[in-house]
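A short worksheet on the structure shown next.
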Amino acid sequence: MTRTTDRSHHVIAASELQPGQRVLTEIRGREVGVFNVDGQYYAIGNYCPHMGGPCAEGLVTGMFDADDRGDVSFTRDGEILCCPWHGWQFDLKTGDHLGHSKLRVLTYDVFEEDGELYVRM
Amino acid sequence: MATDTTSSRRFGDLESPIVDADFHLTEQVSDLVPYVERPWRELFIGHNPFDESAEFFDPFPSAGIMEPHITTGRAEIFSPDAVRSADDVEAGMELLGVDLPVVTPGAVMLSVSLVHHDEVAAALARACNSFVLDRIVDETRDVYGTITIAGQKPRLAADEIDDRADESGMIGVYLPTGGLNPPLGDERYDPIYEACERAGLPLLMHGVGSGTMKSFPVQYEGFSRGMENHVIAHPFQHMVNLVSLVVQGVPERFDVDFVFQEAGIGWIPYLMYRLDNEYYARRDDAPMLSRRPSEYMTDDFYYTTQPLEGSQNAPEYVCAMARLMNAPECLLWSSDYPHHDFDHTNEIYRVFAREFERPALERIFGTNAHEVLFE
Ligand code: FES
């Protein structure tokens, strides 16, 4: 049985959202992307705080980082969401922008119950 | 094919049409070659031994700058297919909430003044204009183009302007300036200004990232990242050309509107006050001038807004710069769509609305550009 209450909104059966996959849905008039990152679920608003691009529809990738000596590596593959308008990058888990401490995408709680995924809003 | 249109105009009640003074095509070599005229066409019909995937030899030099947000595929909207037809232009107008886009080449042709064969450069500019007239311009849909010229041989550029001047769908002359030497105040460019004056068309100038390798080769050598280059490429190219045009008296000698595209705005008041400062001390170094340099900069020159530095984190800075440059007289809103750093109308309107009332906003977002380009 799936249920949608005032605050919990049914999205999809958990079995239909495998690691690395996403689904776009609309909750209370807001577009939301729900992502499975290595078995953990995250929900992120589809409205980029930069100029309003559809960020939840963008590439999911990793990021370049450098250690103290300047040696570069590519890390956190699958955890970084990129807006398709200008390529700004957000941490899928927190919604935080990678380079601008005050910018973030709205995130929502996701929970699983009886094999179904729900977003709290 | 443009990306889906999730957003369009969401602001104020401007009565004038919104004009976008820098809206790009993503033209490719394969779009241009069919329009290259003989004899130069013969140069393109063989194969390309340097790139087996390419249909034609690519004559446009690139500095090979890697921009991670582009090369990783993150900025998806800036794809080779983004704007290559009138339908694509309309999709972009919808996404931006723009009524009248000033469509200019924005891919390979940005480097036309770097092409290492002066006649081929001129032939490519001519081919591009044929392509634009054939496939892009559609006055019934408010899609207008610009006459692209290559700067290497000003006489050929002037011929091209003369040839296309009667096309009502072409509303300005577009000079990609990256790599041009000497700077634009040199008298060798006079035929271009004469032709613009004859045609009654403004001259739009547009830099390019790769231009640094030829315009500022010593500095370019020392950079090892795209960001170092991109942040200075456009304003440096414009600053050099602007001081050259002013000090050598080009706006005294020709009645042409000059439009500087895509370098943001902070460099404009900086240069105004700096030039005036010099002029007070040594007017004899610029004897052609009958006014202060800053007056030419706001009376004869126009500037497009994008990429509007500070719009994200320092709107008060943007408003101060706009005030200092007398923006309601000389600033033209532009998106630069579909490039990786395009500005969205909603966002930029919000910033300027902090400072200006409706009449001034109408000038910045449409009337100024309408007067310069469409009247
Ligand atoms: S709108 Fe999302 S990166 Fe610009």
Side-chain angles (χ1 to χ4, degrees), chain A residues 20 22 24-27 29-33 35 44-66 69-92 96-106, chain B residues 1-11 66-79 81-82 91-92 94-98 224-227 230-231 305-315 333-351:
Chain A
R22 93 182 76 184
L24 275 180
T25 180
E26 194 171 311
I27 301 173
R30 294 188 199 178
E31 287 183 35
V32 175
F35 298 77
I44 231 166
N46 192 22
Y47 187 83
C48 180
H50 178 214
M51 292 190 178
C55 54
E57 296 171 35
L59 208 63
V60 174
T61 176
M63 59 182 276
F64 287 95
D65 210 352
R69 297 190 326 188
D71 287 341
V72 173
S73 58
F74 191 72
T75 65
R76 305 194 58 199
D77 204 1
E79 297 179 17
I80 308 296
L81 177 65
C82 312
C83 176
W85 276 12
H86 309 93
W88 285 26
Q89 295 170 294
F90 301 91
D91 185 333
L92 253 181
D96 290 339
H97 185 272
L98 293 192
H100 187 317
S101 58
K102 292 197 188 114
L103 271 190
R104 52 190 306 275
V105 195
L106 287 178
Chain B
M1 161 217 61
T3 310
D4 72 333
T5 56
T6 50
S7 172
S8 59
R9 200 181 305 177
R10 271 199 311 273
F11 59 79
M66 297 198 77
E67 307 284 7
H69 53 316
I70 302 173
T71 56
T72 57
R74 300 206 304 260
E76 291 172 58
I77 210 165
F78 187 26
S79 73
D81 276 340
E94 173 69 23
L95 182 139
L96 297 161
V98 157
S224 89
R225 290 290 196 268
M227 193 194 296
H230 192 259
V231 78
T305 51
Q306 179 276 345
L308 193 63
E309 77 279 2
S311 67
Q312 285 306 304
N313 51 5
W333 144 253
S334 69
S335 71
D336 192 45
Y337 177 86
H339 283 183
H340 54 103
D341 53 350
F342 78 94
D343 281 339
H344 196 286
T345 329
N346 293 333
E347 197 66 26
I348 304 306
Y349 182 90
R350 210 174 7 248
V351 177

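Note on naming: letters A, B, ... go to the chains in the order of the sequence lines (proteins, then strands), and numbering restarts at 1 for each one.
- B/His69 pairs by the ring-ring contact (aromatic ring centres under 6.0 Å, His included) definition with B/His340, not counting sequence neighbours.
- When all heavy atoms of A/Cys82 and B/Arg74 are compared, the closest pair comes out as SG-CD, 3.1 Å.
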List the steps and the verdict of side chain to side chain contact (heavy atoms under 4.5 Å, CB included) for B/Thr72 and A/Phe74. CA-CA 12 Å; B/Thr72 57; A/Phe74 191 72; over 6 Å; no

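- In terms of heavy-atom proximity, B/Asp343 sits nearest to A/Met51 at OD1-CE, 3.2 Å.
- A pairwise comparison of heavy atoms in A/Pro49 and B/Gln312 identifies O-OE1, 4.1 Å as the closest pair.
- Contact of B/Phe78 with chain A is not made at all, since no heavy-atom distance falls under 4.5 Å.
- Here the closest heavy-atom approach between residue A/Trp85 and residue B/Ile77 is recorded as O-CG2, 3.3 Å.
- Qualifying ring-ring contact (aromatic ring centres under 6.0 Å, His included) partners for A/Trp88, counting only residues two or more places apart in sequence or in other chains: A/His50, A/His97.
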